[in-house]
Structures are given as structure tokens and as C-alpha cells.
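So the structure is just underneath, and the comments pick up after that.
Below, each value reflects all heavy atoms present in this structure, side chains not excepted, and no hydrogens, waters or symmetry copies. Per chain, numbering begins at 1; letters A, B, ... match sequence-line order.
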2 protein chains.
Amino acid sequence: MENKDAKISINEEGCKVKLRAVQDTLDILKGKWKISIISSLSFGKRRFMELQREVDGIGAKMLSKELQELEINGLISRTVCDTKPITVEYELSDYGKTLQNIINEMIDWGLNHRTNIIERYKAKS
Amino acid sequence: MENKDAKISINEEGCKVKLRAVQDTLDILKGKWKISIISSLSFGKRRFMELQREVDGIGAKMLSKELQELEINGLISRTVCDTKPITVEYELSDYGKTLQNIINEMIDWGLNHRTNIIERYKAKS
DNA sequence: CAGCATCCCTTAAGATACTG
DNA sequence: CAGTATCTTAAGGGATGCTG
């Protein structure tokens with residue numbers, strides 16, 4: 001009996017710790033565009049405009065804001081290039097690259113999901 | 001030259017497809033609480049109140065709304081139990097369980113991130 | 001090009017009270 | 001217990017125009 005209770009207690013603690021871990025991750029990744037931006041940068045460095053073109057629907061204001069937050073959290077680096085009209089290059093930091101696993105899983109799930117939706121649609125017709 | 005251009009073109013297409021995949025996933029998971037709810041359910045079935053207790057800070061209204069959306073997308077199942085005051089049990093569907101990889105990566109990253117923050121703090125003092 | 005300032009509107013979401 | 005209804009507020013986020 002004591003053993004069983006202890007086990008449950010440990011498991012409950014385990015859940016809490018894991019839920020908190022998810023929450024921690026979510027806090028860093030919150031915002032409508034952050035994960036899309038990181039995904040885009042996971043393919044290589046990008047300039048401001050390139051990001052705006054690649055992240056569908058984002059405006060300059062939001063892009064700017066979310067990039068700042070990502071930089072503050074040490075996930076990306078920002079480099080001002082000394083070109084005629086200045087350009088700025090964004091890049092995933094080493095720490096930012098540790099998010100790659102999450103991104104990859106999201107890519108896989110999304111690809112699979114789209115396939116499923118199409119299959120479901122075909123099955124109906 | 002033609003080869004090189006073709007390669008670039010293919011890669012660019014690859015990025016777009018992947019970014020769209022991420023977006024597809026994000027569309028399903030959007031909302032302040034959805035990932036937390038799924039995480040909680042990934043540990044087993046939960047009743048409405050249990051979820052509200054486990055997902056820190058969520059109100060009944062939001063919990064109800066996000067559960068409905070998750071159900072519509074086929075990620076969770078809802079079972080009304082015929083008890084004296086009725087109870088309702090929520091559970092990840094088989095399809096919902098395919099999100100487990102994403103959740104796990106988020107747990108890992110969050111655990112690691114917390115450690116890093118603590119290390120960083122220690123280093124300063 | 002990069003990005004800030006301003007204005008403005010829509011949506012998210014919290015609080016509270018109520019029902020089967 | 002498991003929600004729903006209503007109200008209200010805060011925040012998110014778009015459009016435009018401007019600057020180094």
C-alpha cells in the first residue's frame with residue numbers, strides 16, 4: 001500500500017515537472033509567428049525582407065517584434081551588414097538550433113496530416 | 001548552370017513545403033492552451049475538472065472551447081459517464097497520440113532550458 | 001532595406017453568474 | 001460536475017507613413 005501510494009505520488013510529480021517543461025518551452029515560443037520564423041531560419045540565414053516574404057502573411061511590425069524577442073532569448077543572432085542600403089541578416093544561434101527537433105517533428109506531423117486530410121476527402125467522394 | 005538552378009529551385013520548393021507543413025501543424029495547435037491540454041492528456045484520461053486543475057491558470061470557458069476544437073479535429077475523444085452528477089472523460093484519440101513526438105520534444109527542450117537558465121544564473125553569482 | 005511610430009480595430013480571454 | 005451565457009478588458013496585430 002505504501003509502495004503504491006509512493007509510486008502514484010512520484011508519477012504525479014513527474015507529470016507536473018513535464019507539464020512545467022512544456023510550459024517553459026511554450027513561453028519561449030509563444031506568439032503567432034515565432035515558430036514559423038524559426039522554421040524559416042532553420043533552412044539558413046535570412047535577411048529581414050526575405051523572412052517577410054517567406055513567412056506568409058506577417059507584417060514588418062510583427063516580424064520586427066518577434067525577432068527582437070527571439071534575440072533576447074538567445075535563439076537567433078542579428079548581424080548588420082555594411083552595404084549601401086543596410087541589410088540585416090538573421091540566423092539561428094547554436095542554442096536556437098536546439099529547437100530543430102521540435103521543428104522537425106512539426107514538419108513531419110504537418111506533412112502527414114495533410115496526407116490524411118486528402119485521403120479522408122477522397123474516401124468521401 | 002541549368003543543373004544548379006534546378007537544384008536551387010528544388011530546395012526552395014522543399015522549404016516552402018516544409019514551412020507549409022509547420023503552418024498546418026500550428027493551425028491545429030493554435031490557441032493559448034491547446035498544447036498544454038494535449039500534454040496533460042498524454043499522461044492518461046482526464047475529467048474536465050482534473051484538466052482544469054492540471055492546466056495551470058485555465059478557466060472553464062477556455063478549457064471548454066479548446067476541448068471542443070480538439071475534438072472537432074479528431075485529436076481527442078469525449079465520453080460522458082452516467083454517474084450521479086455527470087462526469088465527462090477526455091482522452092487522446094489514436095490520431096491525437098501521433099502528437100506525442102512533438103510533446104516529447106517540447107518536454108525535453110523545456111527541461112534542458114530550465115537547466116541552462118539555472119546554470120547561467122549560477123555563473124553570474 | 002530595415003524598422004519605428006501612430007492609429008485603429010478585431011480577437012482572445014478573464015470574471016462572474018447561471019443551468020441540467 | 002460540466003459546462004453555457006454575457007459582459008468587459010487587454011492584448012494582438014494590421015495599415016500606413018516616415019526615417020537613417
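For the helix from C/dC1-D/dG20 to C/dG20-D/dC1, the axis fitted to the five pairs at one end and the axis fitted to the five pairs at the other end meet at an angle of 50° (nearest 10 degrees).
Checked by atom type and distance alone, the side chain of B/S40 never pairs as donor or acceptor with a backbone atom of B/I37 at under 3.5 Å.
Under the side chain to side chain contact (heavy atoms under 4.5 Å, CB included) rule, A/E105 has a single partner from B/N104, B/I102, B/L99, which is B/I102. Put simply, the residue from A/T25, A/L26, A/D24 that forms a side chain to side chain contact (heavy atoms under 4.5 Å, CB included) with A/V22 is A/L26.
The nearest pair of heavy atoms linking A/R46 to B/C15 is NH2-SG, 4.2 Å. Scanning all heavy atoms of the two residues, the minimum distance from B/K30 to B/K34 falls at O-NZ, 2.8 Å. Of all heavy-atom pairs between A/G31 and A/E66, the closest is CA-OE2, 3.7 Å.
Judged purely by distance below 3.5 Å, without hydrogens or angles, the side chains of B/E91 and B/T79 never pair a donor atom with an acceptor atom.
Under the 4.5 Å side-chain heavy-atom criterion for ILVMFWY residues, no single connected hydrophobic cluster contains both B/L92 and A/L19.
Using cut-offs of 30° and 60° on the angle between ring planes, the pair B/Y95 and A/H113 is parallel.
Taking every heavy atom of residues 65-93 of chain B and every atom of DNA chain C, no pair lies under 4.0 Å. For the contact set between residues 32-64 of chain B and DNA chain C, defined by any heavy atom under 4.0 Å, the members are B/K32, B/W33, B/K61, B/M62.
At a threshold of 4.0 Å, the pair B/E50-B/R47 counts as salt-bridged, since one of the basic side-chain nitrogens sits closer than that to a carboxylate oxygen.
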